[in-house]
Chemist: 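After the structure tokens below, expect a handful of questions from me.
Treat the numbers as computed from the prediction; the structure is a model and nothing was measured. Protein chains get the first letters and strands the later ones, always in sequence-line order, with residue 1 at the start of each.
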Amino acid sequence: MNYWLIKSEASTYSIDDLQKDKQTPWDGVRNYQARNFMRDQMQIGDKVIFYHSNDNPPHIAGFAKVASKPYSDATQFDKKSHYFDPKSSDENPRWFLVDMAFDKKCKRKIGLDELKNDKNLEGLMLIKKGQRLSIQPVSKEHFEYIEKLCN
DNA sequence: GCCAACGTTGGC
DNA sequence: GCCAACGTTGGC
């Protein structure tokens, strides 16, 4: 069992959208490190923190679960998609994703400030300066602590 | 293989 | 809207 944090702009795809959809392919990730986490390490049932970036304030909004094995991201082949990648091919797809399933919403929004000021969350990748990775591993301890904050 | 130019992320 | 951080691209 692994623990993760995923970012999404609330205005683009929020936890409410995921709740409505129940499950969705986590497409559009175009960063190799993030891809590698999905392709090489994520397993069905892994627990995921859902973070709303670019919100006011940015915050943790809830939880999701990994709901599929990794497979290739269809948007890379779609010429009309913002995520189209001409360098990718059917034989050798460059980008992979997993499905994310809705788990639960936080009872309150856990703002970035609060996360930064919480001694229990020291070392959490999200709150390190300049950390832009949209998929990050989270320790079990941090995950369980954040779960408590949300209840 | 270096590195300048450029693009994106995301907090503020 | 600004800009720091950082990843990618491409010329050499």
Chemist: Do any side-chain atoms of residues 131-140 of chain A form donor-acceptor pairs under 3.5 angstrom with protein atoms, and if so which ones, sequence neighbours left out?
Modeler:
| residue | atom | partner | partner atom | Å |
| --- | --- | --- | --- | --- |
| A:Q131 | OE1 | A:L133 | N | 3.0 |
| A:Q136 | OE1 | A:L126 | N | 3.1 |
| A:Q136 | NE2 | A:L133 | O | 3.1 |
| A:S139 | OG | A:H142 | N | 3.1 |
| A:S139 | OG | A:H142 | ND1 | 3.4 |
| A:K140 | NZ | A:E144 | OE2 | 3.1 |

Chemist: By the side chain to side chain donor-acceptor pair (under 3.5 Å) test, which pairs, at least two apart or in different chains, include something from residues 102-111 of chain A?
Modeler: A:D16-A:K105, A:K104-A:E147, A:R108-A:E114

Chemist: Under a 4.0 Å N-O cut-off, is there an ion pair linking A:K116 with A:D113?
Modeler: no

Chemist: For DNA chain B, determine which residues of residues 49-63 of chain A have any heavy atom closer than 4.0 angstrom to one of its atoms, and list them numerically.
Modeler: A:Y51, A:S53, A:N54, A:P58

Chemist: Going by ring-ring contact (aromatic ring centres under 6.0 Å, His included), name the residues that satisfy it together with A:F84, two or more places apart in sequence or in a different chain.
Modeler: none

Chemist: Keeping to residues at least two apart or across chains, list the ring pair (Phe, Tyr, Trp, His ring centres under 6.0 Å) pairs with something in residues 87-130 of chain A.
Modeler: A:Y32-A:W95

Chemist: Using the side chain to side chain contact (heavy atoms under 4.5 Å, CB included) criterion, which residues pair with A:K22? Sequence neighbours excluded.
Modeler: none

Chemist: In chain order, what residues pass the side chain to side chain contact (heavy atoms under 4.5 Å, CB included) check against A:S68, with sequence neighbours excluded?
Modeler: A:Y71, A:V98, A:D99

Chemist: Does A:N31 or A:K87 map to a spot on DNA chain C nearer the 5' end, using the closest nucleotide for each?
Modeler: A:N31

Chemist: Check side chain to side chain contact (heavy atoms under 4.5 Å, CB included) between A:Y83 and all other residues, then give those that pass, not counting sequence neighbours.
Modeler: A:R30, A:T75, A:S81

Chemist: Would you please name every residue forming a side chain to side chain donor-acceptor pair (under 3.5 Å) with A:N31, sequence neighbours left out?
Modeler: none

Chemist: Please list residues of residues 112-130 of chain A whose heavy atoms come under 4.0 Å from any atom in DNA chain B, ordered by number; otherwise none.
Modeler: A:L112, A:K116

Chemist: Identify the 5'-most and 3'-most nucleotides of DNA chain B with at least one atom closer than 4.0 Å to a non-hydrogen atom of chain A.
Modeler: B:dT8 to B:dC12

Chemist: For A:A101, enumerate each residue passing the side chain to side chain contact (heavy atoms under 4.5 Å, CB included) test, keeping only those at least two apart in sequence or located in another chain.
Modeler: A:Q23, A:A67

